[in-house]
Amino acid sequence: MRKFSTVISVSMLFAAQAFAADWYAKETRWAGHDPDIIRYEDGYALATTDNHMLMQFSEDALNWKNGEQAMPKFSQWLYKYAPNMIDIWAPDIHYIGGEYRMYYCGSEMGIRSSGMGFMASKEIDPTKPGYGWTDMGEVIHTVKSDSYNAIDAAVLKDLDGKVWMAFGSWGTGIHILELDETTGKVKDGAKMINIANRGGSGIEGASLIEHNGYYYLFTAWDNCCKKGADLENNSYKTTVGRSKSITSGYVDRSGKALLNGGGTILLSRYGRYYGPAGGEAFQDVNRQRFVNHYYDKNDKGNSYIQVRDIVYSDDNWPELGQPFLGRYLSAEAEHGILTHVDISSSSKASNGEFCAYINYDDSKIRLPMIIPQAGDYLIRYRYDNNWTEDGANGSSHFVNINGKKQEIELPLTGAWSEFPEKSVVYIPTKLKRGSNFVEVTKGKHYAELDRLDFLRIIRDTIPANGFDNGIRVRLTDKDEFAIKDGGYAIFENVITDSIVGPGVLVQVKNGAGGTLNIRKDGKKGDVISKCELPSAGDASKWIDVRCSNMPELKGVQDFYLTAEGLGGETLLGNIKFDKGVDTTRTTIRHMDGRTSFETLRQSITFDRGNSLVRLASEEKWTLFDANGVAVKHGYGREFRMSGLPHGAYFVHSAGQMLPIRY
């Protein structure tokens, strides 16, 4: 352990505070119970309980809007098994068998009169042809006398290509059946297998996901659905176990079998957040996430959804990160895994809540975080304190980052629960790509903790695959970043003061024309660098494309990479920064060579409307494509671009160069 003094440059301090006010979170609540989310190219689709399977959509998993009900009239077959059912419960959406399938159940509270079926749609995006749900009927049912309950489907295709459905509630717990991928129904000859059992105690809400060769079974334990005057009896919680086999052998982190009541608790009541459970794990573009509901004590126990990252330890055990409040590289202290710490409220705190009474030897705040880009960071640590027992000038916390513990000195701020802007220190650190864990414990005297922000110290490179999230983007099986026309990627919390210069180059592979823009602070924000992409590119070879220089930037900015006019999916490597070139030079540099052109004055013009290039005088000229390959040449004062593929080109004449977009 080392003692750490938070001393950084004035410019870094300025950078870190430049947009601090925008970082303060305010919860965006969206009502829902038993939520399930599926990611698709343009965003997220959400379905919940008790609303005729109302489809809900979001671009960012934070700001939702209602679509249409998938089942406006309940399928009549359900009443055969659940004649007194009120609504549809616990939807589970997957893309399997060349279509989107939403499994659902109809049941009666407290008994096993239940039926499970599924609906199908060719598309999940309601704006595309093929969207529309058709009920495919029964998958399985139970009656009162059965020892298990046909509710809460959890469907997953395993690593061998087989499709399985886990389900169950109370009784003998969670069972699993193999499904026929073609029909979506139970496979002929499939045997039902018990995979988790608490001996009659509450267990339900199964969810399955695979990671690094393990299958993870998330379940909800104990009593749900208590609200209003009965809220204190709500004991719902989220647990997990894992196995190398999808059908057997699930154990918790201590090694106890889930068939014998085992299960590692991941979420349980904290602060005003009662019963955080009833959730589903799902795959996002660059991480796995978990959506759950909770019952808000401050709102009569009504239920709302939370979307969290699944953060895996080095030995492949999952923990659940922050509820997403609008920023990826931020952590609210009150949403950490808390030991002997209280949650307090203040209008001056981010999200109106903070951690107080971190006063005991066993007090701990554990913050699991997904960090998509490895490298150097500053952690902006927002705290406050007002006095010490011995009149010292401050207090301290111990902060352990991925196993490296340091004491952080916290000068007095002069207030409790107020968090003035000066209530900040900065912790330089290195973070890993993927899972990171931060633990805060008591040091000297006392201090309250509000929030941590993780700021990227960028010098000369941002790896494109280090993006936080986006639309029409993905990671390939080679971990390469791919983007389509109309897509964008977010890179939060870039400290611009540390960037080496205004020059920008983007590594491109498989180019298909179009424009990339680097914008600040939003997908429609100001363009700070523009890149014209080659109209055709080698799918096996990276090239560096020179972009326009950035203006002078200061402080912390969010960068958005947006794509316009792309002729197909384009792969991007690193976004690189250097001293740049003056505005009269255009460069395309290949990884194995360089083609460079200079101009001292502009005497070549392009008439886009007439596809006509004009020169100042009769000269020899050469037309290059964006890869630096000569595609046309001649002599004269003008020539037309007619007959050439649309894209980016460069005209070279008399030692001068003009980039054009045809």
Side-chain angles (χ1 to χ4, degrees), residues 485 501-518 527 529-550 563-568 570-576 578-662:
D485 185 41
V504 180
L505 297 106
V506 177
Q507 285 183 321
V508 178
K509 188 161 61 173
N510 200 35
T515 303
L516 294 178
N517 289 311
I518 301 176
V527 175
S529 183
K530 185 174 183 178
C531 315
E532 298 288 349
L533 298 184
S535 57
D538 189 335
S540 65
K541 182 178 179 182
W542 293 105
I543 64 169
D544 279 358
V545 176
R546 171 68 69 180
C547 310
S548 62
N549 287 356
M550 296 188 298
E564 301 170 13
L566 270 61
T570 299
L571 302 178
L572 304 181
N574 290 324
I575 303 168
K576 300 189 285 190
D578 60 18
K579 297 300 183 181
V581 295
D582 62 39
T583 57
T584 61
R585 180 192 297 263
T586 300
T587 304
I588 299 178
R589 188 178 67 204
H590 293 262
M591 300 300 287
D592 58 351
R594 178 172 298 181
T595 304
S596 176
F597 304 97
E598 297 185 19
T599 181
L600 301 177
R601 57 186 176 83
Q602 192 61 273
S603 59
I604 308 172
T605 60
F606 178 50
D607 180 349
R608 187 183 301 273
N610 293 310
S611 302
L612 188 65
V613 177
R614 294 189 176 95
L615 310 177
S617 60
E618 290 192 355
E619 298 284 352
K620 290 182 179 179
W621 53 263
T622 305
L623 182 68
F624 295 87
D625 69 11
N627 292 312
V629 177
V631 295
K632 196 172 184 179
H633 60 86
Y635 180 86
R637 295 193 63 165
E638 63 182 33
F639 66 91
R640 294 187 181 276
M641 300 285 291
S642 304
L644 292 170
H646 291 285
Y649 292 89
F650 300 88
V651 182
H652 182 222
S653 179
Q656 302 169 35
M657 172 61 65
L658 176 72
I660 61 175
R661 179 79 185 167
Y662 171 56

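Predicted model, so just to flag it, every value in this text is computed and none were measured. Residues take their numbers from the sequence shown, with the count starting at 1. FYI, side chains are in, hydrogens and waters are out, and symmetry mates aren't considered; it's all heavy atoms of this structure.
L516 has its side chain out of reach of I518: every pair of non-hydrogen atoms, C-beta onward, lies at least 4.5 Å apart.
Residues forming a side chain to side chain donor-acceptor pair (under 3.5 Å) with E638 (at least two apart in sequence, or on another chain): none. Legend: residues meeting salt bridge (Lys or Arg N to Asp or Glu O under 4.0 Å) with R661, ordered by chain and number and at least two apart, are E532.
For the residue pair L566 and T515, the shortest heavy atom distance occurs at CD1-O, 3.9 Å. Residues V651 and I604 come closest through the heavy atom pair O-CD1, 3.8 Å. Closest approach of P534 to V545, counting heavy atoms only: CD-CG2, 3.8 Å. What you find for G643 and Y662 is that their closest heavy atoms are N-OH, 4.1 Å.
Put simply, the side chain of S529 never gets that close to the backbone of C547: no donor and acceptor are under 3.5 Å apart. Remark: side-chain polar atoms of Q507 are paired, donor with acceptor, to backbone N or O of N574 under 3.5 angstrom. Remark: side-chain polar atoms of D578 are paired, donor with acceptor, to backbone N or O of G580 under 3.5 angstrom.
Other residues, nucleotides and ligands contribute at most 12 non-hydrogen atoms within 6.0 Å of the NZ atom of K530.
Classified by interplanar angle (parallel below 30°, tilted 30° to 60°, perpendicular above 60°), the ring pair W621/F639 is parallel.
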